[in-house]
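Encoded as structure tokens, the structure appears first; notes follow it.
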Amino acid sequence: LSVPFLRLVKNYSHTGLRKLRLLNCAVGASVGQPLILYTPDDDFLARLPFLRQLSLMRKASSSQEHMASFLKPHERVHIVGRVHPTLNFDQVMTHMPSGCNVDVVVMDVEGHEKEIICSLDIDRYKPDLIIYESIHLGTDKEKIREVLAPFGYRFFDCPPDTIAAA
């Protein structure tokens, strides 16, 4: 497991939140090929000043070129690809306790927001909030609203994200 994911687990381990599940996976509209996400390698991160380390630990991309844009030219040799299994939302929910409600769905899925949101079974899960990165969506932003509005969602733009609230 990557250092950022292990830190995430450690940061939430003391909360006692029994229903919180952290999964090291990619989420897609359907089960598919594993996804390669590019990140700085763990040894490189460990040698950085703490604040820069924190900033870079939040970065991952399915595009190696996009990941490189966060690094200085001489640092780009430290980009590694990590393979993550791809699960759909129903499969993610199998990791939750039986009868668990979904209160909030937060996603930053590298431009796949529309296909994932359209694949959600809103009637089944009824999330109160769906928070998704929307700054790059173009016309898909309006299509997502058309899908969610009939379920009573209202929309709040908080760039770079949108919050859909039921």
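- Annotation for Thr86 and Leu35: closest pair OG1-N, 3.7 Å, computed over non-hydrogen atoms.
- Considering CD1 of Ile117 and CG of Leu137, their distance stands at 8.0 Å, rounded to 0.5 Å.
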Asp123 and Asp121: CA distance, side-chain angles, deciding distance, side chain to side chain contact (heavy atoms under 4.5 Å, CB included) verdict: CA-CA 6 Å; Asp123 283 327; Asp121 187 344; 3.8 Å; yes

Chi angles and distances behind the side chain to side chain contact (heavy atoms under 4.5 Å, CB included) call for Val105, Phe89: CA-CA 10 Å; Val105 174; Phe89 195 77; 3.9 Å; yes

Enumerate donor-acceptor pairs with a distance under 3.5 Å from any side-chain N or O in residues 146-166 to protein atoms, sequence neighbours excluded.
| from | atom 1 | to | atom 2 | distance (Å) |
| --- | --- | --- | --- | --- |
| Tyr153 | OH | Pro127 | O | 2.5 |
| Asp157 | OD1 | Lys141 | NZ | 3.3 |
| Asp157 | OD1 | Arg145 | NH2 | 2.7 |
| Asp157 | OD1 | Thr162 | OG1 | 2.9 |
| Asp157 | OD2 | Arg145 | NH2 | 2.9 |
| Thr162 | OG1 | Ser134 | OG | 2.6 |

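- For Gln53 against Leu45, the heavy-atom pair with the smallest separation is NE2-O, 2.8 Å.
- Remark: Leu6 CG to Met57 CE distance equals 9.5 Å, nearest 0.5 Å.
- Within the model, atoms CZ of Phe44 and CZ of Arg76 stand 11.0 Å from one another, a figure rounded to the nearest 0.5 Å.
- Within the 4.5 Å cutoff, the side chain of Leu56 has heavy atoms near those of the Phe70 side chain.
- The two residues Ser119 and Ala29 make their nearest non-hydrogen contact at OG-CA, 3.6 Å.
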Full working for side chain to side chain donor-acceptor pair (under 3.5 Å) between Glu115 and His112: CA-CA 6 Å; Glu115 67 184 75; His112 299 278; 3.1 Å; yes

Audit row: Val104, Asp128, side chain to side chain contact (heavy atoms under 4.5 Å, CB included) steps and yes/no: CA-CA 6 Å; Val104 180; Asp128 295 324; 5.8 Å; no

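- Counting heavy atoms from C-beta on, the side chains of Ser62 and Ile36 never come closer than 4.5 Å.
- A donor-acceptor pair is defined here as one N or O able to donate and one able to accept, closer than 3.5 Å; no such pair exists between the side chain of Asp140 and the backbone of Lys143.
- Asn101 places no side-chain N or O within 3.5 Å of a backbone atom of Asp103 that could act as its donor or acceptor partner.
- Taking 4.5 Å as the limit, every side-chain heavy atom of Ile116 sits out of range of all side-chain heavy atoms of Tyr132.
- Remark: side-chain polar atoms of Gln91 are paired, donor with acceptor, to backbone N or O of Asn88 under 3.5 angstrom.
- Between Ile130 and Ile144, every side-chain heavy-atom pair lies at or beyond the 4.5 Å cut-off.
- Shown here are the ring pair (Phe, Tyr, Trp, His ring centres under 6.0 Å) partners of His95, two or more places apart in sequence or in another chain: there are none.
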